[in-house]
Peer 1: 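Dropping the structure in here first, questions after.
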Amino acid sequence: MCGITGYVGSRPAVETAIRNLKRLEYRGYDSAGVAYPAPAGVRIVKAAGKIAQLEASVQDQPMEAQVAIAHTRWATHGSPSQANAHPHPDCRGDLAVVHNGIIENYAELRARLRAAGHQFQSETDTEALAHLIEERLPEGEPTPQIFLEAVRQALREVRGSYAIAVISRFLGNAVVVARKDSPLVIGLGEAENFLASDIPAVMAYTRRVLILEDGDCALIEPDRVTISGLDGRLRTRNALHVDWDDQAAEKGGFPHFMLKEIYEEPRTVRDTLRGRLLADDRVTLPDVGFTAEQWARIRRVSIVACGTAYHAGLVGKRLLEQLLHRPVEAAVASEFRYSDPLVDPETLTLLISQSGETADTLAAMREAKRRGSPTLAIVNVVGSTLAREADAVLYTQAGPEIGVASTKAYLAQLTALTLLALYLAQNAGMPEEDRRRYVAALRALPEQIEACLSLSERIEAISAELAAMSCFFYLGRGYDYATAHEAALKLKEISYIHAEAYAAGEMKHGPLALIEPEVAVIGLCTQPATHEKMVSNLQEVKARQGTVLALLREDVPAPDTADYLIRIPATLDALSPILAMVPLQLLAYYVARQRGCPIDQPRNLAKSVTVE
Ligand code: M6R
C-alpha cells in the first residue's frame, strides 16, 4: 500500500518527511518521491526503486524548505516507474499532490482535462487530481483559504477513495490534506506538525495524533490544524495519545502482520469491488483489457495457480460452473505445466497469483499461450511478471501482503473471481433478478466480514483449547469443501499441526479410522442444501470421540454434537467461502500463537516461490 508523509515546521522538512517515510517501508513500494516549495513553484524529486535512491537524488538539491510532502508508491494505475511515482504536479508546477487510494472516474476526468488543454506526464489516476485542482483555482494569487476551497471543489468531483496531501506556492508554510476511505493522521508537535498515512510514521516525533475521518479536509500549519468538511464547515477531532512500542507501531498496533492483514479484509473486499459495480447493478471490468470479441470467443475456462491462489481457484471453478453452466478446470500450476493441458484459443486460461512472480504459475501461463489460449491473470502486484505477460489482467486490490500466510489476498481473489463470473454470466444473458441478488450480496460483504472479525475473542478462547490437538480435519461439501482446503493449509503452514481437508462424505471410506479425542474435526456447514448431511457426518465423528467444531450460518439450527460453534452471517452459497474463511484464518492464527510459532515467517517457507 502507498505511504504518505509530510512536515510543516522549522526542522529540515525534506529530510524529516523522508525519515518518516522510511518508517512505512515495511508496507512495500516500488518508487518514492518528495515535493517542497521552491521560489517559482514546487520542486519534485522522484526515483523508481527504494527510498535510498530518492535520498541520493535529493542530496544535490538546495533545500531550506520548511514544508514537504513525500510518498512511497505501490502501483495501482500505471506501471512502477519514475514518471508514475508521486508527487504529481499541475501544468504550471504551482502545486504537487500525493495520493493513496483509487480515483474511479479518473479516465473521464483525464479526458475532460486533456480536452481543456492540460498536459499529463504520467499514467496515474492521481495526476488527474492535480490538474483538477489547477482547473478550480481562480486567476491570480489565491490565498491559502481560496486554495483550500479549490481542493474541496476538485474532491467533490472525484469518485473513489483517497488520502491526499497537497503543497503549493500559494499555501506558504502549510499543507492541505483530505481523506475518504483511506487513512490519514496528523501528528501534533510544538510549533510543528506532521502528517502520514499511518501512525508509525510520526511516532519518532510525537505521540499526539489526530485521526482524520471520511470527508475531512485540513489545513496544516506549524502552529495550528484547521479541519473542515468538503462543504467548508469546520469540524473538531480530538487528539489521541499513542503509547505503542516501535514494533507494534509497524504492525499498526497488531502483534503480527497476519492479524493486521486479516483485519484489513473488509477494506480489501471493498477496494476490489470499487469501480466494478455499476449503479444499475451491472458488473463492469473496464481495466481488464479484453475486447468484446475476445470475451465472446471464450467457451471454456481453465484455472491455474499454486497454494492459496489455487484454493481460490477451487471456489472459482464451482462458481463459474454454477453461473455459466459450462465445465471449468482447476489445476495446480506445477501439474498443469507438465501435463498435456487441454487449452486452446476458445479456452480462457485464468491464472491467479498474489505476487505475480510464482515460477510455476508463470510457466503455466507461457504454456497456455504457446497453445493459443487467451490468458487472464487475477493478480495483486501491479507490474509483476504475470501482470506484464498475461494477455489481460484483473487486479485484486489487497495492497501489499507481508505475512507469509496469505489472508487478505485470498479474500480479494475470491471477490475478483465472483466479479469475473458475474461479468461472463451477464454477457451470456444471466437473468437480471439473479444478477441483482449477487450484486446486493457482494455489496453487503465488507460489513459481514466486520461481523466475522468480531468473533475474534471467542475464537481465541476456542484456540486455547484446540492448540494441543495432534491433527485437524476440515470437512465440507460443495463450496465448503473448497474452503476446507484453504483452512487446512492456513493451519498447517503457521502452527505446524498436520491438517487435512476432506470431502465430508468420504470420511467413512477410510479416514474415520483416525478419529480419537486428540483429533479436531472442523465441520464447515454453510451450505443449506447439504446441511443435514453435514450434521450426520459430524455425528459420525462425535460417536468416535473426535472433538468437533461446527462453523454455521447464523440462520440454521445448531447440531447437538458439536463441542464448539462458530456462527457467521448468512449470504449466498457462492459467497460463503469469503465469510467462512475469516474465522478459519483467525483460528489458525490463534492456535499458532498459543503454540509460540513465528507466525509471519513460518519455517521453510517464503512469501514468493520463484523457483520450481
Ligand atoms: O504469490 P502467489 O499467490 O502466486 O503464491 C502462491 C502460493 O505460494 C501462496 O499462496 C502460498 O501457498 C501461501 N503461503 C499460502 O498462505
Side-chain angles (χ1 to χ4, degrees), residues 28 74 256-262 264-265 268 272 303-316 330-337 349-366 375-390 393-417 474 482-497 499 501 577 581-582 584-589 591-592 597-612:
W74 198 77
H256 296 95
F257 282 113
M258 181 180 174
L259 192 60
K260 174 175 183 277
E261 287 160 3
I262 293 173
E264 285 167 359
E265 288 176 340
T268 296
T272 303
I303 303 176
V304 191
C306 298
T308 290
Y310 166 67
H311 296 152
L314 291 178
V315 176
V332 284
S334 53
E335 291 297 317
F336 178 92
R337 61 183 296 198
T349 303
L350 184 58
L351 295 309
I352 309 174
S353 175
Q354 187 284 128
S355 62
E357 301 296 347
T358 301
D360 283 320
T361 310
L362 290 175
M365 175 198 55
R366 290 169 188 149
T375 51
L376 169 60
I378 293 185
V379 66
N380 196 39
V381 178
V382 175
S384 57
T385 310
L386 191 62
R388 283 186 277 113
E389 290 189 21
V393 184
L394 173 54
Y395 282 113
T396 51
Q397 298 291 351
E401 191 178 62
I402 291 161
V404 165
S406 190
T407 53
K408 61 176 180 170
Y410 175 73
L411 263 70
Q413 287 159 357
L414 295 186
T415 308
L417 280 161
Y474 287 83
T483 305
H485 284 86
E486 175 56 10
L489 173 63
K490 222 66 321 163
L491 185 83
K492 71 182 120 189
E493 71 180 324
I494 59 168
S495 75
Y496 313 150
I497 300 177
M581 203 53 220
V582 179
L584 294 168
Q585 288 168 348
L586 288 169
L587 183 75
Y589 170 79
V591 167
C597 297
I599 292 175
D600 285 330
Q601 282 166 338
R603 68 186 179 204
N604 309 337
L605 299 180
K607 182 68 185 159
S608 186
V609 184
T610 53
V611 289
E612 287 184 39

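Everything numeric in this text was worked out from a predicted model, so none of it was measured. Whatever order the structure lists them in is the order used to number ligands and atoms, beginning at 1.
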Peer 1: Just say parallel, tilted or perpendicular for the rings of His256 and Tyr589, cut-offs at 30° and 60°.
Peer 2: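 His256 and Tyr589: perpendicular rings.
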
Peer 1: Indicate whether any N or O donor in one side chain lies under 3.5 Å from an N or O acceptor in the other, for Glu357 and Ser384.
Peer 2: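 Side-chain D/A pair, Glu357 to Ser384: absent.
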
Peer 1: Identify, by atom number and element, the atoms of ligand 1 in contact range of Lys490, meaning under 4.0 Å from any of its heavy atoms.
Peer 2: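 Matching atoms, with element in brackets: 15 (C), 16 (O).
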
Peer 1: With rounding to the nearest 0.5 Å, note down the distance linking CG in Leu376 to CG in Leu350.
Peer 2: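 Interatomic distance, Leu376 CG to Leu350 CG, rounded to 0.5 Å: 5.5 Å.
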
Peer 1: Which atoms form the tightest heavy-atom contact between Pro602 and Ile494, and what is the distance?
Peer 2: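 Minimum heavy-atom separation between Pro602 and Ile494: CG-CG2, 4.1 Å.
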
Peer 1: Just jot down the ligand 1 atoms closer than 4.0 angstrom to any heavy atom of Ser355, in number order.
Peer 2: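 It comes down to these atoms of ligand 1: 1 (O), 2 (P), 4 (O).
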
Peer 1: Run down the list Leu489, Asp360, Thr358 and name the one with the heavy atom closest to atom 2 (P) of ligand 1.
Peer 2: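 Going through Leu489, Asp360, Thr358 one by one, Thr358 has the nearest heavy atom to atom 2 (P) of ligand 1.
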
Peer 1: Counting each atom of ligand 1 from 1 as listed, which ones have a heavy atom of Ser406 under 4.0 Å away?
Peer 2: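 Selected atoms, number and element: 15 (C), 16 (O).
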
Peer 1: Give me the residue, atom name and distance of the protein heavy atom closest to atom 3 (O) of ligand 1.
Peer 2: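 Ranked first by proximity to atom 3 (O) of ligand 1 is Gln354 N, 2.6 Å.
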
Peer 1: What's the shortest distance from atom 7 (C) of ligand 1 to any protein heavy atom, and which residue and atom give it?
Peer 2: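 For atom 7 (C) of ligand 1, the nearest protein heavy atom is Cys306 O, 3.7 Å.
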
Peer 1: For ligand 1, which atoms have a heavy atom of Ala405 less than 4.0 angstrom away?
Peer 2: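 Reading through ligand 1 atom by atom, the close ones are 16 (O).
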
Peer 1: For Asp600 and Phe257, work out which heavy atoms get closest and say how close.
Peer 2: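 What the structure gives for the nearest pair is OD2-N, 2.8 Å.
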
Peer 1: What distance do Lys260 atom NZ and Lys408 atom NZ have between them, rounded to the nearest 0.5 Å?
Peer 2: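 So the NZ of Lys260 and the NZ of Lys408 are separated by 6.0 Å.
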
Peer 1: Pick one: which of Thr268, Thr396, Val315 meets side chain to side chain contact (heavy atoms under 4.5 Å, CB included) with Tyr410?
Peer 2: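 So the option named by the test is Val315.
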
Peer 1: Which ligand 1 atoms are under 4.0 Å away from a heavy-atom of Val404?
Peer 2: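 Those of ligand 1 that fall under 4.0 Å from Val404 are 13 (C), 14 (N), 16 (O).
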
Peer 1: Salt-bridged, Glu389 to Arg366, with N to O below 4.0 Å?
Peer 2: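 Looking at Arg366 together with Glu389, the answer is yes, because their closest N to O distance falls below 4.0 Å.
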
Peer 1: Return the closest protein heavy atom for atom 16 (O) of ligand 1 as residue, atom name and distance.
Peer 2: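 Of every protein heavy atom, Glu493 OE2, 2.5 Å lies nearest to atom 16 (O) of ligand 1.
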
Peer 1: Tell me which protein heavy atom sits closest to atom 15 (C) of ligand 1, plus the residue, atom name and distance to 0.1 Å.
Peer 2: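 Residue, atom and distance for the closest contact: Thr308 OG1, 2.9 Å.
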
Peer 1: Which residue and atom name correspond to the protein heavy atom nearest atom 8 (O) of ligand 1, and how close is it?
Peer 2: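 Protein heavy atom at minimum distance: Val609 CG2, 3.9 Å.
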
Peer 1: Ligand 1 and Thr361, any nitrogen or oxygen pair closer than 3.5 angstrom?
Peer 2: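 No, since none of the N or O atoms of Thr361 sits under 3.5 Å from an N or O of ligand 1.
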
Peer 1: Let me see the working for Thr308 and Gln354 under side-chain contact (heavy atoms from CB on, under 4.5 Å), right down to the final yes or no.
Peer 2: CA-CA 9 Å; Thr308 290; Gln354 187 284 128; over 6 Å; no

Peer 1: Side chain, backbone, both or neither: which applies to Glu357 and ligand 1 if a contact is any heavy-atom pair less than 4.0 Å apart?
Peer 2: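 Under 4.0 Å from ligand 1, Glu357 contributes no heavy atoms.
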
